[in-house]
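Okay, so here's the structure we're looking at.
Every value quoted in this text rests on a predicted model; they were computed, and no experiment measured them. Order of the sequence lines sets the chain letters (A, B, ...), proteins ahead of strands, with each chain counted from 1. Values reported hereafter were calculated over all heavy atoms of this structure, with side chains retained and with hydrogens, waters and symmetry mates removed.
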Amino acid sequence: MHELLRTVPAGAVTTYGDLAGALGARSVARQVGYALAALPEGTDVPWHRVVDGRGLVTRPGSANAKRQCKLLRSEGVTVGRDGRVAEFASRRYALVWRA
DNA sequence: CAATTGACTCAGC
DNA sequence: AGCTGAGCCAATT
């Protein structure tokens with residue numbers, strides 16, 4: 001899954017559901033997030049490019065949320081005050097799971 | 001081993 | 001258009 005996430009280019013974003021769907025089961029979106037939560041700090045996986053199904057940055061109150069927003073903006077992604085990704089539909093990356 | 005929880009999502013109001 | 005409720009599957013306790 002991390003590899004699939006690694007295929008997401010900078011400036012693009014993806015959703016838990018899409019990620020899960022690309023893996024085979026759309027219903028495991030939660031577990032995708034769960035897996036990301038277990039991700040170590042020094043990971044090369046762009047976990048910050050993952051948002052929820054509506055282009056909203058999840059986990060309210062978390063310090064990581066701010067970091068994610070900043071990272072996204074540094075990659076050219078505009079994030080609204082409420083964590084909404086601008087032009088999310090267009091920035092949404094077409095995930096392709098390599099069999 | 002069974003119950004609860006959770007970085008989600010869809011359908012209703 | 002935004003909030004609430006119910007559904008979903010795996011990990012934790």
_A/Thr58, nearest nucleotide to its side chain (from B/dC8, B/dT9, C/dT12)_ = B/dC8

_Listed partners of A/Leu56 passing side-chain contact (heavy atoms from CB on, under 4.5 Å), at least two apart_ = A/Asp52, A/Arg84

*Partner set under side-chain contact (heavy atoms from CB on, under 4.5 Å) for A/Pro9, not counting sequence neighbours*: A/Ala12, A/Tyr93

*Sequence neighbours left out, what passes side-chain hydrogen bond (donor to acceptor under 3.5 Å, both in side chains) with A/Ser90? Give chain and number order.*
A/Glu87

*How does each nucleotide of nucleotides 3-9 of chain C score, in 5' to 3' order, for protein heavy atoms under 4.0 Å: base (B), sugar-phosphate only (S), or none (-)?*
----BBB

*DNA chain B: A/Gln68 or A/Arg26, which has the more 5' nearest nucleotide?*
A/Gln68

*Among residues 76-88 of chain A, which contact DNA chain B at a heavy-atom distance under 4.0 Å?*
none

_Results of side-chain contact (heavy atoms from CB on, under 4.5 Å) for A/Ala10 - residues two or more places apart only_ = A/Arg49, A/Glu75

*Mark yes when over 12 heavy atoms from residues, nucleotides or ligands other than A/Arg54 sit less than 6.0 Å from its CZ; otherwise mark no.*
no

*Check the distance between B/dC8's P and A/Leu23's CG and give it to me in whole angstrom.*
16 Å

*Report the residues that fulfil side-chain hydrogen bond (donor to acceptor under 3.5 Å, both in side chains) with A/Arg91, sequence neighbours left out, ordered by chain and then residue number.*
none

*Fellow cluster residues of A/Val77, listed by chain then number, with links counted only when side-chain atoms sit under 4.5 Å apart*: A/Val13, A/Val51, A/Val57, A/Leu72, A/Val79, A/Val85, A/Phe88

*Can you list every pair that meets side-chain hydrogen bond (donor to acceptor under 3.5 Å, both in side chains) and has a residue in residues 19-38 of chain A, with sequence neighbours left out?*
none

